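This report concerns only the one structure given below.
All of these numbers come straight from a predicted model, not from anything done at the bench. Atom set for the values below is all heavy atoms of this structure, side chains included, hydrogens, waters and symmetry mates excluded. By convention in this document, chain letters (A, B, ...) are assigned in the order of the sequence lines, proteins followed by strands, and residues within each chain are numbered from 1.
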2 protein chains.
Amino acid sequence: MVSKTCEYAIRAMLFIAQKSKSDIKVGVKHIAKAIDSPEPFIAKILQELSRKGLLQSAKGPTGGFFLDNAGLKQNLADIVVAVDGDKLFTGCGLGLKSCSEKKPCPIHDEFVAVRRQIKTMMKSATLDDYNTSLELGEKYLKR
Amino acid sequence: MVSKTCEYAIRAMLFIAQKSKSDIKVGVKHIAKAIDSPEPFIAKILQELSRKGLLQSAKGPTGGFFLDNAGLKQNLADIVVAVDGDKLFTGCGLGLKSCSEKKPCPIHDEFVAVRRQIKTMMKSATLDDYNTSLELGEKYLKR
DNA sequence: GAAATAAAAGAGTAAAAACTCTTTTATTTT
DNA sequence: AAAATAAAAGAGTTTTTACTCTTTTATTTC
Ligand code: FES
Ligand code: FES
């Protein structure tokens, strides 16, 4: 569905969003533990996202990664596009070079519906919106 | 969504299904051209599927790949599971080690619905069912 | 200002996915 | 029987994805 890199990215962003609500910056070691990912790998991923402006970072003691108010308004689709590109939202389900009504693959109609549902899922909530259920312990970022 | 290998496999199976309706066995060269795939690669894939019993093959002149009546009754999900395993139908959307109600990830509920829709899409039609729209030129296996 | 902390940057490695090549075996046609 | 055809098998290569390590730079605390 999405790359492993992207899965880590989303989980990390959701975790950072939680902490950012209380204005806490969080280090890469802490993040890696919270989402169960390889520490240097999630570091790389977040540096890339930071360069792209999806989150902020600060060096030195008390430093770490955090989200500003604009950042907290992002949705999961924003992260997916930044990491994997938009093929999940526009590509053909059977791998034709492009998806279009003109020369549709056998599952085109149904696949368009699936894609729309995925898009809705990933656009209907901001990172911020996930905070309460995470805080209440109803939802988890690792297992 | 599914691996490239799996996309080739599905397109090839749909093409072979078409030919098998008229009892024609089709060679790997012909298949590769029809679905626009690397010839030795689709050969490997089909050999694997043949070993698993998803389609039949015959060596020598007039030989090639073909589907028997049982084979024509298969659906796309059968192919996906044979090639990629069942993680598309059972795995967590955010990459948690397993998906379950007990410790659900933040998008669990919505993702379960997506998975169900994908499953429906891939189980509601047999290979045979795709034949007419392909023959009529309403749907395509390459572009 | 020195020591400690934490991200940035960049090079490097490992594993998996995608793809190729060569040889062998089975079948059919002549 | 010989020649031709086509899949089977297996080893090998390339590319991409996943992941690691080391050094540098910025910031803060003492
Ligand atoms: S052409 Fe395949 S999904 Fe649209
Ligand atoms: S736990 Fe993530 S989809 Fe079910």
When the distance from [atom1] of [X] to [atom2] of [N] is rounded to whole Å, what number comes out?
X      : N       : atom1 : atom2 : result
E48(B) : dA17(C) : CD    : P     : 13 Å
F66(B) : dA7(D)  : CZ    : P     : 11 Å
K33(A) : dA6(C)  : NZ    : C1'   : 16 Å
D84(A) : dT16(D) : CG    : P     : 15 Å
L46(B) : dA8(D)  : CG    : P     : 9 Å
K52(A) : dA9(C)  : NZ    : P     : 14 Å
I31(B) : dA7(D)  : CD1   : C1'   : 11 Å
D36(A) : dA18(D) : CG    : P     : 16 Å

Practice task
May I ask you to check whether over 12 heavy atoms, not counting those of N69(A), lie within 6.0 Å of atom CG?
Solution key: no
Problem - Crowding at NZ, K97(A) (>12 non-hydrogen neighbours, <6.0 Å) - result: no
Would you say [X] reaches [N]'s phosphate, i.e. side-chain N/O to OP1/OP2 under 4.0 Å?
X      : N       : answer
Q47(B) : dA7(D)  : no
S50(B) : dA7(D)  : no
K4(A)  : dC19(D) : yes
Y8(A)  : dA18(D) : no
T62(B) : dT5(D)  : no
T5(B)  : dA18(C) : yes

Handout entry: Donor-acceptor pair between N75(A) and T126(A) side chains, under 3.5 angstrom
Key = no
Can you tell which of [options] lies closest to the side chain of [X]?
X      : options                   : answer
P40(B) : dA18(D), dA4(D), dT20(C)  : dT20(C)
K59(B) : dA6(D), dT5(D), dA6(C)    : dA6(D)
F41(B) : dT25(C), dT28(D), dA18(C) : dA18(C)

Exercise for the section: Group every Ile, Leu, Val, Met, Phe, Trp and Tyr by side-chain heavy-atom contacts under 4.5 Å, then state whether L134(B) and M121(B) land in the same group. Expected result: yes
Problem - Side-chain touch K119(B)/R115(B), heavy atoms, less than 4.5 angstrom - result: no
Handout entry: Residue that, paired with D128(B), satisfies side-chain contact (heavy atoms from CB on, under 4.5 Å) out of Q18(B), K21(B), Q74(B)
Key = K21(B)
Problem - Residue mapping more 5' on DNA chain D - nearest nucleotide basis, R51(B) or K44(A) - result: R51(B)
Exercise for the section: Could you say whether G27(B) or C6(A) is positioned toward the 5' end of DNA chain D, judged by the nucleotide with the nearest heavy atom to each? Expected result: G27(B)
Practice task
Report which part of the nucleic acid V83(A) touches: base, sugar-phosphate, or nothing (heavy-atom distance under 4.0 Å, all strands).
Solution key: nothing
Exercise for the section: Indicate, with a heavy-atom threshold strictly under 4.0 Å, whether A58(B) touches base, sugar-phosphate, or nothing. Expected result: sugar-phosphate
